Number of protein chains: 2
Amino acid sequence: MLSTDQIIGVMSARGLRITDQRKSLAKLFAERNGYLTPKDVYEYMGKQYSGLSFDTVYRNLRVMDELGVLEQVMFEDGLKFRASCNEDQHHHHMICLQCERTYPIHFCPMPLTDAPDQFQVVKHKFEVFGYCKDCRPVSQEASQSPSQQDGLS
Amino acid sequence: MLSTDQIIGVMSARGLRITDQRKSLAKLFAERNGYLTPKDVYEYMGKQYSGLSFDTVYRNLRVMDELGVLEQVMFEDGLKFRASCNEDQHHHHMICLQCERTYPIHFCPMPLTDAPDQFQVVKHKFEVFGYCKDCRPVSQEASQSPSQQDGLS
DNA sequence: ATTGTTGCAAAGGCTTTGCAACAAG
DNA sequence: CTTGTTGCAAAGCCTTTGCAACAAT
């Protein structure tokens, strides 16, 4: 995953000005390795910038997506963003339903999949959802619901 | 895929009233075997019902999704609906980028996928996008419009 | 006759846009 | 200094809700 400095570096190299808001965004996405909604981002950044506005968040998310430092994905419950993977290798993701962190899967089912009816394949999506080791509900230990042992959410 | 009568049948059996609007919806989804946006549905139905309102479309889409006769899926460009598959067998879909019809894939990559880090798998999504045999961008045959020869990921 | 459905209008979210003031380079 | 960025306010979509009239059963 891209680091704060890598994100800042790319933005700077492309001629974008490095404002405090953008530094904060870069840091947020670099530290989190999971998905965030624009609202999550706004709330996180709002802690540091009293007068933050939503449109600044949206504008920067879009710019960063276009630059390729963020990836934008649509989930059942709306649009989310995460730092780009920075992996050269083709891969998919396991996504934790609790903390929304992601873990790479290097197995790709596509080569094993037969397309029916002369279907011409262009792209594919393979996503696995569940709970990562830090967020697993119950198990052998004596806790009940998915414990949120995790910072910002 | 569910037929018009099956859809109507389920709705009737559950005590819902069969209005002309609902007949029209059932017919639309049964004839199309692909995804439709609420707007698509509104426009299609609007041809037959002058005073149709958007909220009727939304209300019925939601009711039909809850009944299980429609399936609701979030794509990059928004929410879409299709008739339920009526297949007992677990399967995935190939989705045509042109006509948005879907074709079942009975191969499931999940059994072949190793979860890293004690990840506890809950659900998964495997979708293949491309062009079906009727929508393939020009090739050896003299087909019609679709001239988007793209090569995405 | 009952009561679920509809259409209308209005409200709610989320996201985008226009613009003047501000600040990075 | 110059010009990209920000915050504010307002507008635009898409979706939902309240309500009285309507219609399926």
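Given the structure is predicted, the values throughout are model-derived calculations rather than measurements. The chains referred to below are lettered A, B, ... by the order of the sequence lines, with proteins before strands, and numbering in each begins at 1.
Rounded to whole Å, the distance from CG on A:Asp77 to P on C:dG13 is 17 Å. Atom CZ of B:Arg14 and atom C1' of C:dT5 are 18 Å apart (whole Å). Atom-to-atom, CD of B:Gln72 to C1' of D:dC14 comes out at 14 Å; the value is rounded to the nearest Å. The distance from atom CG of B:Leu79 to atom C1' of C:dC14 is 15 Å, rounded to the nearest whole Å. Between B:Asn60 atom CG and C:dT6 atom C1' the separation is 9 Å, expressed in whole Å. The distance between atom CG of A:Leu61 and atom C1' of C:dC14, rounded to the nearest whole Å, is 13 Å. C:dG4 atom P lies 17 Å from atom CD of B:Gln21, rounded to whole Å. As rounded to whole Å, 10 Å separates atom P of C:dT16 from atom CD of A:Glu66.
Applying the salt bridge (Lys or Arg N to Asp or Glu O under 4.0 Å) test to A:Glu31 and every residue at least two apart in sequence or in another chain returns A:Lys27. For the salt bridge (Lys or Arg N to Asp or Glu O under 4.0 Å) test, no residue two or more places apart in sequence or in another chain qualifies with A:Arg62. Take A:Glu76 and apply the salt bridge (Lys or Arg N to Asp or Glu O under 4.0 Å) test, not counting sequence neighbours, and it matches B:Lys125. Legend: residues meeting ring pair (Phe, Tyr, Trp, His ring centres under 6.0 Å) with A:Tyr42, ordered by chain and number and at least two apart, are A:Phe54. Under the rule for a salt bridge (Lys or Arg N to Asp or Glu O under 4.0 Å), the partners of B:Asp77 that lie at least two apart in sequence or sit in another chain are B:Lys80.
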Table please: side-chain donor-acceptor pairs of residues 9-17 of chain B below 3.5 Å, with sequence neighbours left out.
none

Sequence neighbours left out, cut at 3.5 Å: what donor-acceptor pairs do the side chains of residues 1-8 of chain A make with other protein atoms?
{"unit_1": "A:Ser3", "atom_1": "OG", "unit_2": "A:Gln6", "atom_2": "N", "d": "3.1"}
{"unit_1": "A:Ser3", "atom_1": "OG", "unit_2": "A:Gln6", "atom_2": "OE1", "d": "3.4"}
{"unit_1": "A:Gln6", "atom_1": "OE1", "unit_2": "A:Ser3", "atom_2": "N", "d": "2.8"}

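No side-chain heavy atom of B:Asp40 sits less than 4.5 Å from a side-chain heavy atom of B:Phe81.
We find the CD-NZ distance between A:Gln120 and B:Lys133 to be 14.0 Å, quoted to the nearest 0.5 Å.
Sorted by residue number, the members of residues 35-53 of chain B with any non-hydrogen atom under 4.0 Å from DNA chain C read B:Gly51, B:Leu52, B:Ser53.
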Reading nucleotides 16-25 of chain D from the 5' end, what letters show protein touch, with B for base, S for backbone sugar-phosphate only, - for no heavy atom under 4.0 Å?
BBB----BBS
